[in-house]
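Read the structure below first, then the notes.
Along the sequence shown, the residues carry numbers beginning at 1. Values below: all heavy atoms of this structure, side chains included; hydrogens, waters and symmetry mates excluded.
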Amino acid sequence: MLAWIGVAPLLWGLLMTMTPLEPRDADTLFHFPGDTPEEWILVNDGVMGGLSRSEFVVSDAGHATFRGDMSLENNGGFASVRGYLPEGIPTDAEVIELRVRGDGRTYQVRLRMGERFDGIAYRAEFDTAPDAWTVVRLLLTEFEPTFRGFRPRNAAPLNLTDVRQLGLMIADKKAGPFRLDVEWIRAVE
């Protein structure tokens, strides 16, 4: 755990210097395989002693895949991946949309303001259907503040222009393998 604490800020600093590889529509935040999952950073429960494992890779079919194995041992129970948004989210956006194919489990989209590795995140959950591509629509007004599993008091409102990180997380308290395929993520009116 101590090794991760020392390495995580360094990795995050490197991530913050990266920029998207190709132009995109104004509302598209990430599109795979044009954006490379290698530019995303994994944050699993190992930061607090857990044993969950995950990876974020481009599949041969041309989408990204967030997959791994959830462990509840050692007070574990989450796996996540984060991408960097250098320009935030457009202020006229009302919805985050994702085109995903899941495994029947529940996932979260997490938004973080600023470039800090830790701190308050704003989350919205979505369910997936096994082996079916769907478009998930999450109203930005329904994202709730969270910090290490608790709702913080007096959290600042979500400011879209200050959002610098978008993450995917699984924390459904179910041990076992998980898989979420992602084609694109966008912010729309």
Side-chain angles (χ1 to χ4, degrees), residues 12 15 20 24-32 34-35 37 39-45 52 54-57 63-68 70 77-129 132-152 155-174 178-189:
W12 195 249
L15 179 65
R24 62 184 67 181
D25 295 335
D27 62 354
T28 301
L29 302 174
F30 299 101
H31 188 267
F32 302 103
D35 289 304
E39 294 178 357
W40 290 49
I41 185 170
L42 296 171
V43 183
N44 297 327
D45 57 18
S52 298
S54 71
E55 63 180 354
F56 195 50
V57 297
H63 55 267
T65 300
F66 175 47
R67 64 185 177 205
M70 179 67 60
F78 76 87
S80 69
V81 62
R82 298 180 194 174
Y84 182 56
L85 294 171
E87 298 177 17
I89 295 176
T91 57
D92 60 351
E94 297 176 4
V95 174
I96 297 290
E97 286 185 342
L98 307 87
R99 185 162 191 269
V100 298
R101 178 174 56 193
D103 53 8
R105 295 180 72 165
T106 300
Y107 292 84
Q108 298 176 21
V109 170
R110 288 186 164 227
L111 304 174
R112 289 180 178 272
M113 296 187 295
E115 297 181 359
R116 292 188 56 201
F117 181 77
D118 198 14
I120 294 173
Y122 296 79
R123 74 172 176 207
E125 292 186 337
F126 63 95
D127 295 321
T128 62
W133 282 101
T134 58
V135 174
V136 174
R137 293 179 49 86
L138 303 169
L139 294 173
L140 283 161
T141 56
E142 294 181 2
F143 278 71
E144 300 176 336
T146 184
F147 181 69
R148 298 183 183 171
F150 297 97
R151 185 179 178 117
L158 180 61
N159 181 340
L160 299 181
T161 58
D162 289 340
V163 171
R164 292 295 177 268
Q165 303 170 51
L166 182 146
L168 300 170
M169 175 179 267
I170 184 166
D172 62 0
K173 300 182 183 182
K174 296 177 186 174
F178 64 88
R179 179 187 182 104
L180 181 70
D181 297 326
V182 183
E183 185 177 332
W184 48 255
I185 304 171
R186 62 188 184 187
V188 297
E189 291 183 48

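- Nearest heavy-atom pair across Ser52 and Asp45 is OG-OD2, 2.7 Å.
- The minimum heavy-atom distance between Tyr84 and Arg164, with the atom names listed, is CD1-O, 3.1 Å.
- The two atoms that bring Leu138 and Phe143 nearest to each other are CB-CE1, 3.9 Å, heavy atoms only.
- Residue Glu144 holds its CD atom at 11.5 Å from OH of Tyr122, rounded to the nearest 0.5 Å.
- The side chain to side chain contact (heavy atoms under 4.5 Å, CB included) test applied to Ala129 returns Ala132, not counting sequence neighbours.
- The side chain to side chain contact (heavy atoms under 4.5 Å, CB included) check on Glu55 picks up Val57, Arg67, with sequence neighbours excluded.
- By the 4.5 Å heavy-atom criterion applied to side chains, Leu168 and Val109 are counted as neighbours.
- For Ala79, the side chain to side chain contact (heavy atoms under 4.5 Å, CB included) partners at least two apart in sequence or on another chain are Asn44, Ser54, Phe66, Met70, Ile170, Phe178.
- Among residues two or more places apart in sequence or in another chain, the ring-ring contact (aromatic ring centres under 6.0 Å, His included) test is passed with Phe126 by none.
- In this structure, the side chains of Thr134 and Val100 come closer than 4.5 Å at one or more pairs of heavy atoms.
- Looking at Thr146, its side chain never comes within 3.5 Å of a backbone N or O of Ala121 through a donor-acceptor pair.
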_The test is side-chain contact (heavy atoms from CB on, under 4.5 Å); show your working for Phe56 and Leu180 and say whether it passes._
CA-CA 9 Å; Phe56 195 50; Leu180 181 70; over 6 Å; no
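- Qualifying side chain to side chain contact (heavy atoms under 4.5 Å, CB included) partners for Asp162, counting only residues two or more places apart in sequence or in other chains: Met113, Asn159.
- Applying the side chain to side chain donor-acceptor pair (under 3.5 Å) test to Ser80 and every residue at least two apart in sequence or in another chain returns nothing.
- By the side chain to side chain donor-acceptor pair (under 3.5 Å) test, Arg151 is found to be paired with no residue, residues two or more places apart in sequence or in another chain being considered.
- Taking CZ of Arg116 as the start and CD of Gln165 as the end, the distance is 10.0 Å to the nearest 0.5 Å.
- Listed by chain and residue number, Asp127 satisfy the side chain to side chain donor-acceptor pair (under 3.5 Å) test with Thr106 (two or more places apart in sequence, or in another chain).
- Between Trp40 and Gly83, the closest heavy-atom pair is CE3-N, 3.2 Å.
- Within the structure, side chain to side chain donor-acceptor pair (under 3.5 Å) contacts touching residues 92-101 (residues at least two apart or in different chains) are Glu97-Arg137, Glu97-Arg186, Arg99-Glu183, Arg101-Asp181.
- Remark: the backbone N or O of Met169 is not paired with any side-chain donor or acceptor of Arg123 at under 3.5 angstrom.
- Closest heavy-atom contact between Leu166 and Leu85: CB-CD1, 3.9 Å.
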_Verdict with reasoning, Ile89 to Ile96, per side-chain contact (heavy atoms from CB on, under 4.5 Å)_ = CA-CA 10 Å; Ile89 295 176; Ile96 297 290; 4.0 Å; yes
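- With sequence neighbours left out, Tyr107 forms a ring-ring contact (aromatic ring centres under 6.0 Å, His included) with no residue at all.
- Two residues are said to be in side-chain contact when any heavy atoms from C-beta on lie closer than 4.5 Å; His63 and Trp133 meet this criterion.
- Taking both residues in full, the closest heavy atoms of Ile120 and Ala155 are given as CD1-CB, 4.0 Å, listed atom of the first, atom of the second, then distance.
- Between the side chain of Asp27 and the main chain of Val188, no donor-acceptor pair closer than 3.5 Å is present.
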